[in-house]
Structure formats: C-alpha cells, structure tokens
Amino acid sequence: KAGVTQTPRYLIKTRGQQVTLSCSPISGHRSVSWYQQTPGQGLQFLFEYFSETQRNKGNFPGRFSGRQFSNSRFEMNVSTLELGDSALYLCASSLALGHNTEAFFGQGTRLTVV
Amino acid sequence: GQQVMQIPQYQHVQEGEDFTTYCNSSTTLSNIQWYKQRPGGHPVFLIQLVKSGEVKKQKRLTFQFGEAKKNSSLHITATQTTDVGTYFCAGPFQETSGSRLTFGEGTQLTVNP
C-alpha cells in the first residue's frame with residue numbers, strides 16, 4: 001500500500017510569508033503527527049491530530065497550526081515565517097492513537113526561509 | 001525537562017567492525033522505538049520494545065530495553081556499508097498521552113569499506 005505522502009518536497013519562502021505543507025497518511029491511519037528536524041535541535045514534536053482533533057502539542061509558537069480533514073489528509077500552516085523555521089518537516093502517520101503504535105514517516109518537506 | 005539522550009553522536013567504523021549506540025531517558029518510557037535515517041532520507045521504523053529487559057534481534061542488529069525502562073541500546077555486529085545512516089531512539093514517556101515521540105539526538109554511523 002502507498003506510504004505517507006508529503007507535498008511539496010522542497011519550498012523556498014521569504015521571511016514574513018506563510019506556508020502550507022500537506023500530508024496524506026497511509027490509508028486507514030487516523031493519527032497524524034508532525035516533527036521538525038534541524039541540525040541543531042534534532043527531531044522536535046510539533047503536534048498530533050486524531051480524528052480531526054488536536055491531541056498533543058509540542059513547544060512551538062501559535063504560528064504553527066494544523067488542520068486534519070475528514071479523509072485524514074492533513075495541512076500544516078506556518079505563518080509569519082522566520083529564518084529559524086528553515087527545517088525538514090516530517091509527517092508521521094499511525095494506525096491509532098497510543099503509545100504502542102508504529103509511526104510511518106513521509107519523505108518530508110524541506111523548507112528554506114530566506 | 002523530559003529528554004532522551006543518545007551517545008555517541010558520531011561513530012566511524014571499518015566495515016566488519018561492531019557498532020553500538022546507547023540511549024538514556026530522563027524518565028520512564030512506555031516503550032522504546034528505533035529508527036534509521038539514511039542521508040537525505042526520512043526516519044524509517046526499525047523496531048519497538050515494550051517490556052522491561054526485553055531483547056530483540058533482527059539479523060545483525062540486537063536491541064535491548066533496560067530493566068527500568070529508561071535506557072536502551074542498539075548493537076550492530078559486523079557492520080556493512082549498507083548500515084550507514086543516523087540511528088535514532090525515541091519513546092513516548094509513560095505519563096504522556098497519544099503517540100508523541102521524544103527522540104534522541106541520533107548517532108550518525110559511517111562505515112569505511
């Protein structure tokens with residue numbers, strides 16, 4: 001079956017702009033989590049959604065927001081971009097919500113803010 | 001705060017040598033998961049250990065979960081060039097809800113042929 005699909009793969013934006021990243025989880029998976037990966041901070045949890053509701057949120061400002069659609073597709077929006085937002089953004093889908101579920105990662109969207 | 005630490009940060013080995021990376025959590029984990037990320041790629045799930053003291057093997061890879069569920073290790077026997085990549089441990093803390101994972105900083109493995 002198809003894996004986690006993230007679009008676009010690469011983005012270049014200017015400081016102050018906003019950006020929307022998209023993620024389609026594996027069919028049947030209802031939990032979607034997002035992580036930010038940077039060389040300095042490693043993999044940092046952004047948030048997790050299940051059944052269109054945010055269930056967990058990491059230590060990121062409100063400029064980072066998300067929306068899960070009824071078909072589980074997910075969009076993450078980042079407003080008022082800062083240079084420090086340059087990172088690889090990874091979407092992970094899981095079959096269910098809980099501790100013992102395997103996370104399947106997409107290939108990521110590499111965002112560069114200039 | 002709650003964190004997961006991983007050492008070493010880098011490891012260079014000759015092909016055929018063994019490799020071990022260690023993971024330590026500041027608090028008890030519900031389980032420990034290991035991921036491998038190839039250069040330019042994304043994390044790929046390797047394994048999950050749930051029980052205290054659990055040991056699992058996948059061919060040349062051996063994974064251990066500590067008795068206190070606060071530490072773990074990944075050991076690769078006789079490394080091959082295909083083992084190149086960054087290995088991450090990650091876990092949900094027992095008291096957190098959902099599927100939130102806290103990742104270690106990763107160990108970047110390079111293998112010289």
Side-chain angles (χ1 to χ4, degrees), chain A residues 3-7 9-10 21 23 25-26 29-51 53-60 66 68 72 74 87-110, chain B residues 1-10 21 23-25 27-52 54 56 58 63 65 69 85-108:
Chain A
V4 178
T5 304
Q6 288 188 248
T7 56
R9 291 290 308 280
Y10 302 93
L21 312 182
C23 170
I26 292 173
H29 284 198
R30 297 170 63 193
S31 173
V32 175
S33 299
W34 283 82
Y35 292 84
Q36 180 196 65
Q37 187 174 30
T38 59
Q41 298 297 318
L43 281 149
Q44 301 284 317
F45 173 81
L46 278 155
F47 36 57
E48 176 181 29
Y49 277 69
F50 183 81
S51 294
T53 302
Q54 186 181 95
R55 302 296 178 131
N56 258 305
K57 190 176 189 304
N59 296 325
F60 281 83
Q68 188 177 30
S72 291
F74 194 96
L88 179 66
Y89 289 89
L90 292 158
C91 169
S93 81
S94 301
L95 188 58
L97 190 71
H99 283 185
N100 294 333
T101 54
E102 175 183 342
F104 294 84
F105 282 85
Q107 292 181 302
T109 294
R110 184 164 297 282
Chain B
Q2 296 173 329
Q3 57 182 333
V4 175
M5 294 147 286
Q6 200 173 341
I7 58 169
Q9 189 174 358
Y10 302 97
T21 174
C23 183
N24 276 289
S25 171
T27 187
T28 305
L29 297 164
S30 181
N31 63 64
I32 190 80
Q33 301 176 24
W34 285 90
Y35 292 81
K36 176 183 178 181
Q37 185 173 20
R38 293 182 184 274
H42 58 280
V44 174
F45 176 85
L46 291 176
I47 206 162
Q48 176 181 266
L49 299 118
V50 179
K51 299 176 185 176
S52 170
E54 190 170 11
K56 284 189 176 180
Q58 286 180 348
F63 304 85
F65 197 14
K69 300 184 76 171
T86 300
Y87 293 84
F88 293 95
C89 61
F93 295 112
Q94 271 193 346
E95 61 271 24
T96 62
S97 61
S99 308
R100 174 178 183 162
L101 294 173
T102 299
F103 281 81
E105 303 95 328
T107 296
Q108 187 176 321

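Hydrogens, waters and symmetry mates are skipped; everything else that's a heavy atom, side chains included, is used. Proteins get letters first, then strands, A, B, ... in listed order; numbering begins at 1 in each. This one's a predicted model, so the numbers in the text were calculated from it and none came from an experiment.
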Considering all heavy atoms of both residues, which atom of [X] and which atom of [Y] are nearest to each other, and what is their separation?
X        : Y        : result
A:Phe105 : B:Pro43  : CB-O, 3.4 Å
A:Ala103 : B:Tyr35  : CB-OH, 3.4 Å
A:Tyr35  : B:Arg100 : OH-C, 4.0 Å
B:Gly41  : A:Leu88  : O-CD2, 4.4 Å

> Within a strict 4.5 Å, meaning less than it, do heavy atoms of the B:His42 and A:Gln6 side chains meet?
Replying inline: no

> Which bit of B:Gln37 is near chain A, if near means a heavy-atom gap under 4.5 Å: side chain, backbone, both or neither?
Replying inline: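 Just its side chain gets close to chain A.
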
> In terms of heavy-atom pairs under 4.5 Å with chain B, which of A:Ser33, A:Gly106, A:Gly108 leads?
Replying inline: A:Gly106

>> If you count heavy-atom pairs within less than 4.5 Å of chain B, which of A:Phe45, A:Phe47, A:Phe104 leads?
In response: A:Phe45

> Between CG of B:Leu101 and CD of A:Glu48, what distance do you get to the nearest 0.5 Å?
Replying inline: 8.5 Å

>> Is A:Leu90 in contact with chain B via its backbone, its side chain, both, or neither, using a 4.5 Å heavy-atom distance?
In response: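 Contact with chain B involves the side chain of A:Leu90 alone.
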
> Given that the side chain runs from C-beta out, which part of A:Gln44 has a heavy atom under 4.5 Å from chain B: side chain, backbone, both or neither?
Replying inline: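 Answer is neither: A:Gln44 stays 4.5 Å or more from chain B.
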
> How would you list, by chain and number, every residue that makes a side-chain hydrogen bond (donor to acceptor under 3.5 Å, both in side chains) with B:Thr107, sequence neighbours excluded?
Replying inline: B:Thr21

